[in-house]
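One structure below.
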Amino acid sequence: MDCIRGKHIVLGITGGIAAYKTATLVRLLVKAGAEVQVIMTPNAKEFITPVTLSTLSGKPVISEFFTANTGQWHSHVDLGLWADAFVVAPATASTLAKMANGVADNMLVTSYLSTRATVFAAPAMDFDMMQHPSTLRNIEQLKSYGVNIIEPAEGELASHLVGKGRMEEPEKIFDTLCDFFSRSQTMKGKTMLITAGPTREKIDPVRYISNYSTGKMGIAIAEEAAKRGAEVTLVLGPVDRRPSHAGITIIDVESANEMLAACESIFDHADIAVMCAAVADYSVANREDRKIKREKSAIPNLELVKNPDIAATLGRAKQPNQILVGFALETDNEASNAADKMERKNLDMIVMNSLRDKGAGFGTDTNKITIFTKEGDAIRYPLKSKNEVAADILDAISNIKHE
Ligand code: PMT
């Protein structure tokens, strides 16, 4: 398998019954040409022996900071930097909590904190532990740091309870890594402009018009593009989240006019632009510089003016070598509204999400999209995490052919 040949994989194994499956994972990785360095937590050794794993990986397993009898020190920093991918499988509730909170009390978590590689974690635990609010919160926290969670499967667990909590099979973990390496660097050399989040249009110094966008979808696209090697500028409306990928340039804006100015200043140099922001369609012409007082004044009449259409403005400036992608957020007549927006704004592709679909649109961690192309294709996708949706959108962009 060429996707993994020559790659450096750190495999962190923690103390859960699924640890026995990591022998198969190491074997698959080594057979496909990867170099695998196993790090075990002390508890992991109760479930599978270091001898098995060092034999399969061809490298001594690391577990402690020091080898007592030789005085050799194992550098967590070197290990973290050596890795092309850092995989924690199985990831117990305890290790997930330590990773989410930076509790560096063993070699595995210390190396995790030092790595610059893409991190994958394959949780495995009993059903009730998996559903506990603290586990769910830690997983969410790790996702926000950019950790890729390989969701556990459902089935019979070691406790004989049936539910979600089984570590995903080694073959599936292998496929996830293979997909990751196949995609990485496919956008190297491309410059990308992405808008995300809402805009705010001031009424007075304390009030504004806005919408429910959280920036999750646009940030996921920015993260995925950066992982694939693109040089990404994210023009971000007022949201309280940030991308975790250090390579993304962020321009913070508040209003639609500020977003337009930021986009116009960089669009010339962009190969690809994705307009994911939920831009407020109107701003207030008679905005007050002082707080409108409730008691004294009559009910204010807001005079609304149309905001500039950023996507349409870029669509008019677009050169034949540039790709412009828009979103359509719909509540009805989805297909015809999306097709109309694609035409009017001179887009090369439009991503439609409908508020009629449960789990789609604003604020959710998931989305359900249909991609409409200029050639008239409509590609429907099932409900997926916003990270997976971002990957689908970038795959579709890679298939766009210039005229
Ligand atoms: O941020 P999240 O909480 O994760 O939610 C994600 C999302 C629902 C905001 C996102 O998936 C989405 O649908 N974004 C586009 C929202 C929107 O404004 O859609 P629209 O159909 O009104 O606009 C069509 C296109 O024109 C969009 O690409 C929009 O960015 C662009 N537009 C709209 C108005 C305007 N004045 N200028 C624009 O550029």
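When reading the values below, keep in mind they use all heavy atoms of this one structure, side chains included, and skip hydrogens, waters and symmetry mates. Both ligands and their constituent atoms are indexed starting at 1 by order of listing.
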Qualifying residue, where the test is salt bridge (Lys or Arg N to Asp or Glu O under 4.0 Å) with Asp392 and the options are Arg380, Lys368, Lys384: Lys384
Pairs meeting criterion salt bridge (Lys or Arg N to Asp or Glu O under 4.0 Å) with involvement of residues 241-260, two or more places apart: Arg242-Asp252
4.5 Å side-chain heavy-atom contact, Phe181 and Ile9: yes
Heavy-atom pair with the smallest gap, counting every atom of Ile266 and Thr233: CD1-CG2, 3.4 Å
Contact residues of ligand 1 (heavy atom under 4.0 Å), by chain and number: Ser213, Thr214, Gly215, Lys216, Met217, Met275, Cys276, Ala277, Ala278, Val279, Asp281, Pro308, Asp309, Ile310, Ala311, Gly326, Phe327, Ala328, Leu329, Lys341, Lys345, Asn353, Gly361, Phe362, Gly363, Asn367, Lys386
Would you tabulate the side-chain donor-acceptor contacts of residues 41-48 under 3.5 Å, counting partners in other chains and residues two or more places apart, or write 'none'?
unit_1: Thr41; atom_1: OG1; unit_2: Ala44; atom_2: N; d: 3.4
unit_1: Lys45; atom_1: NZ; unit_2: Ser63; atom_2: OG; d: 3.2

Determine all donor-acceptor pairs shorter than 3.5 Å in which one atom belongs to a side chain in residues 213-222; sequence neighbours excluded.
unit_1: Ser213; atom_1: OG; unit_2: Gly215; atom_2: N; d: 3.4
unit_1: Thr214; atom_1: OG1; unit_2: Lys216; atom_2: N; d: 3.4
unit_1: Lys216; atom_1: NZ; unit_2: Gly363; atom_2: O; d: 2.7
unit_1: Lys216; atom_1: NZ; unit_2: Asp365; atom_2: OD1; d: 2.9

